[in-house]
2 protein chains.
Amino acid sequence: MAAGTRVSKGLDGVVVGRTEISWVGGETGDLVYRGFDVRDIVPGVPYESVVHLLLHGEPPSADPSPEVVEALRSARAIPEALLRGADSLPPGLPPLEALRSLISLLGDGSYGYPPRLEEGYRLIARTPVLLARYVRRSGGEGWSPPPEGISLAESYLWMLRGHAPDPTQVAALEGYLDLLADHGMNASTFALRIAISTHSDLVSAATGALGTLKGPIHGGAPSRVSEMLDAIATPDRAEAWIRDRLARRDVLYGFGHRAYKTDDPRGVILHRIARDVADPARLELAEAVERAALAALRATHPDARLFTNVEYYSAVVLEAVGLPRELFTPTFAVARTAGWTAHAIEQASDNRLIRPDLEYAGPAKGRRWPRPLPAR
Amino acid sequence: MAAGTRVSKGLDGVVVGRTEISWVGGETGDLVYRGFDVRDIVPGVPYESVVHLLLHGEPPSADPSPEVVEALRSARAIPEALLRGADSLPPGLPPLEALRSLISLLGDGSYGYPPRLEEGYRLIARTPVLLARYVRRSGGEGWSPPPEGISLAESYLWMLRGHAPDPTQVAALEGYLDLLADHGMNASTFALRIAISTHSDLVSAATGALGTLKGPIHGGAPSRVSEMLDAIATPDRAEAWIRDRLARRDVLYGFGHRAYKTDDPRGVILHRIARDVADPARLELAEAVERAALAALRATHPDARLFTNVEYYSAVVLEAVGLPRELFTPTFAVARTAGWTAHAIEQASDNRLIRPDLEYAGPAKGRRWPRPLPAR
C-alpha cells in the first residue's frame, strides 16, 4: 500500500543534512569541534570557551570566554515562580527523571522560534543549578548558592556539595564537560533537531533530547559500567566474569559504538584524565576489565570492530570526581546543553520539516466494524 | 570529510521502518487504522474503541471497549505526590507548556523499557486529567473530579467546565479524538520512536513527542486558523484578505500537508462534523475563506497540489466544542497519546537505534587554539 523506495531502519548512513558544528570521524577516531581536534583542546580549554566555540564558530578572545562567562552569569538567576515549581517536584525521583521535568519547567512561554542565543545561555546556565538544587533538597541537605566568579564545572560540584570542591576533581570534570559538549548527529540531537524542524522551541526540543539521551543504549549506560566494575571487584576476576557474561549473551556496557570503528577519542582522553584523578586500584581494575572485554569481544565478534566507547572511562572519571552514579547521565546532559543549543540554532538557520515515512505492513483497507454504527 | 552516500534533508520519502498501526495514503486521501478506513468508523466508534483497535490491532468485543474502559478507569487515579508536583506548576503558563511538564511529571522512575500496555493506559488516562486540572486551577476556578462511568471525551469537557457538557459537543469531540488518534509517521511520532529506540521510556518519549507536536508547522497551528477567521470576520472580505496575505508571502495556516496530495480525509470528516455542531455563521465564514484560499493558492502555486489540511476544520470543530484556542494543540495531544503508545510498543517490538548522519561542512581539522594550553 505504501511505496517506499528507500528503507533504512535505524537510518544508518542516511545523511539528513549538513552541520558546521562538529565532525565525528568514525573510521579515523576523530572528534572535531569547528575545525579543532578535541585532542588538541582537551584538557586545557575551559568549558566556557568550548561553549563559545560551539555557539559562535570561533575561539573566544581570551580563556575562559569573557562573553560566555558574562552571559551565563546573567542567565543563571532563576525566576521565583520557576523555583517554586522546581522545588515542588516529588522528592526522591531518579535525578534523570527530575531533570526532564526541570528542563521542561524552564519553558514559560517565552521561548520561541527561531531559537535565540540568549535562550541557549539560559538552558546552559540553569540546567546545572536546577539539577543540583533538586538533588540537594531531595536528599534533605541544605541548599546554598555557589560563590560568584567560579567556572560552571566548579560551580556544579560546589552546588552538589555545598562547599568548594577539590581542584583536581574540577579539572577532571571540566575535561569531561568539554568532551561531551557535542558529538555531531546522535539520537538525542536528532530528536532535538526534529522538534526544532516543526518550529517548536529550544526548551521543548531539549526536553525531548533529554528523554532520548536517557535510553541506556544512548546516554543512559555509564552507571552500568560502574556496576560491572563493582561486580567484578578485582582484576583477576575480569576474564571469567566477562566470558560468563558473553556466554549468556548479555550486553557489555561501555563497548561498541554506531559511529566509531576504532578508539573513541573521547575515551582515550578520559582514560588519560582518569590517570590523574582516579583511585589507582579502581583504575587498575578498569584497565584489566577493558583488556579482558576487548579480547573476549574480538574473539566472539571477530568482524565487528568493537572498541571501548566513551561511557567506559566516563564512568571511571565521574566516579573519581565524586559523583553518585544516578548523576552520570544528568551530568552528560549538563555538558550537552551546549551542543543542543548549537544544533537548534543551526537547524533553524536552514530548516526543513524532518518527516520520514513508514512502510505500512498492517491489514489492508476495507475491514468493517463488527457492529453497526449510529447514523450520521 | 564525511562520506554520505544519500543526503535527504527532511527525510522526504525515506522509509525508516514498518508499521501495522495506520496507513496514510497521501495520493488517495486515505487514513486507515489497522485496516479500517477512518471514513467507515468516524463518527460513531467511541474513542475507547479506537484506542483498543490501535493498541490491540482488533476491534473490541463491544463498544465502548470494556477492557479499555476498565483499564483507563483504574489508571486514572493519580498519586498524591504527583498531584502536588502538578499543582505547583507556575500558574498562567500556556497550557501546552504546562502539558509538557505535566506529561514529564508522570515519570516517577517506574516507566521502563520495553514500554508496557498499562504504562500506555496511564499516559492516555492521566493526560486529560492533569491538563484539565491545571487549566481550572490556573484560572482560579474550582476543580471537581468528573462522575464515574462517562467517556474520556465527556470527562475531558466535564473537567474543563466543572459540569456536564452538551451531548452534541461531546459527540463532536469524540469524532475529533478518533480522527487525531494516530497518523502513521509524523514528526512527533518519529521523535517518540527515536527516544524508544535508545531504550528510553514511554513518558520520556511522549514528553519529547509533545515538544515536537508543539511546533506550528506540525500540531501547533490550529489556533492560527481561528485567528485568521477572526481577522477576516465576514465572508465577503475573504478574497481580498487572502490575496493580500499571499502577496506579502505570509503563510496561510490550514492548507498544505507533506503527505496529502489530495483532500485530507480527516478534514473532510471534520467539515461534516462542523456542520452538526458549529455556529452557522462561523461555518459559512470558514467555507468562504477555504474557497478563497484554495482558489488563490492554486493560482499562485499551480503545481503544488495544495489542499485543506486537518487543522482547518479542527479549528472550526474545537471552537464549536467550546474549547479556548490555547487548548487546541493540547487536545490534539490528548487524542494522540493513543497513537504514541501504539508506536512506542511497536518500535520496541523490533527495535534498532535510530541514528542518521550529518554531513560535516565546517572548517577542516587542524586549527590551533590561539593561546597555549596548560601542560597536561
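Below, read A as the first sequence line, B as the second, and so on, with proteins coming before strands; counting in each chain starts at 1.
Scanning for ring-ring contact (aromatic ring centres under 6.0 Å, His included) contacts around B:Tyr260 gives B:His183, B:His257, with sequence neighbours left out. For B:Tyr134, the ring-ring contact (aromatic ring centres under 6.0 Å, His included) criterion is met by no residue, not counting sequence neighbours.
B:Leu130 is listed as a side-chain neighbour of B:Ile78, based on a closest heavy-atom distance under 4.5 Å. The shortest distance between side-chain heavy atoms of A:Leu99 and A:Leu210 falls below 4.5 Å. Between B:Arg34 and B:Ile21, some side-chain heavy-atom pair lies under the 4.5 Å cut-off. Within the 4.5 Å cutoff, the side chain of B:Pro114 has no heavy atoms near those of the B:Ile196 side chain. The shortest side-chain heavy-atom distance between B:Glu326 and B:Leu96 does not fall under the 4.5 Å cut-off.
Highest contact tally toward chain A, considering only B:Glu80, B:Glu27, B:Arg84, B:His199, is held by B:His199 [criterion: heavy-atom pairs under 4.5 Å]. Your options are A:Gly366, A:Pro90, A:Pro372, and the one with the most heavy-atom pairs under 4.5 Å with chain B is A:Pro90. By number of non-hydrogen pairs under 4.5 angstrom with chain B, the leading residue of A:Leu213, A:Asp37, A:Leu353 is A:Leu353. Taking chain B as the reference chain and counting heavy-atom pairs below 4.5 Å, the highest number among A:Arg367, A:Arg352, A:Glu20 is found for A:Arg367. Among the candidates B:Gly208, B:Gly109, B:Gly26, B:Gly85, the residue making the largest number of heavy-atom pairs closer than 4.5 Å to chain A is B:Gly109. For the options B:Pro216, B:Ala81, B:Gly92, heavy-atom pairs under 4.5 Å to chain A are most numerous at B:Pro216. Contact count against chain A (heavy-atom pairs under 4.5 Å) is highest for B:Gly35 among B:Ala62, B:Gly35, B:Gly211, B:Ala195. When A:Asn186, A:Val45, A:Leu89 are compared by the number of non-hydrogen pairs under 4.5 Å with chain B, A:Val45 comes out ahead. Ranked by heavy-atom pairs under 4.5 Å with chain B, the first of A:Thr28, A:Asp87, A:Asp201 is A:Asp201.
Only the side chain of A:Asp30 comes within contact range of chain B, with at least one heavy atom under 4.5 Å from a heavy atom of that chain. For a residue to count as touching a neighbouring chain, one of its non-hydrogen atoms must lie under 4.5 Å from one of that chain's; by this rule A:Thr189 does not touch chain B. Proximity to chain A (any heavy atom under 4.5 Å) is restricted, for B:Leu93, to the side chain, taken from C-beta onward. Looking at A:Leu53, only its side chain comes within 4.5 Å of chain B, counting heavy atoms on both sides. Using a 4.5 Å cut-off between heavy atoms, A:Pro60 touches chain B through backbone and side chain atoms alike. When heavy atoms are compared at a cutoff of 4.5 Å, A:Arg193 approaches chain B solely by way of its side chain, counted from C-beta outward. Proximity to chain B is limited to the side chain of A:Pro94, based on heavy atoms less than 4.5 angstrom apart. The contact between A:Leu105 and chain B is made by backbone and side chain atoms together, counting heavy-atom distances below 4.5 Å. Interface residue B:Ser49: backbone and side-chain heavy atoms are both found under 4.5 Å from chain A. Both the backbone and the side chain of A:Ser101 come within contact range of chain B, judged by heavy atoms closer than 4.5 Å. Both the backbone and the side chain of A:Arg100 come within contact range of chain B, judged by heavy atoms closer than 4.5 Å. Using a 4.5 Å cut-off between heavy atoms, A:Ser61 touches chain B through its backbone atoms (N, CA, C, O) alone.
Side-chain contact annotation: B:Ser197 with B:Gln347, donor-acceptor N/O pair under 3.5 Å absent.
Between A:Phe36 and B:Trp369, the ring planes lie perpendicular to each other; the angle is over 60°, past the 30° to 60° tilted range.
For the atom pair A:Lys9 NZ and B:Ile354 CD1, the distance stands at 9.5 Å (nearest 0.5 Å). In this structure, OG1 on A:Thr198 lies 8.5 Å from NZ on B:Lys214, to the nearest 0.5 angstrom.
A donor-acceptor distance shorter than 3.5 angstrom exists from the side chain of B:Arg355 to the backbone of A:Met185, with no hydrogens or angles considered. One N or O on the side chain of B:Ser22 and one on the backbone of B:Gly184 form a donor-acceptor pair closer than 3.5 Å.
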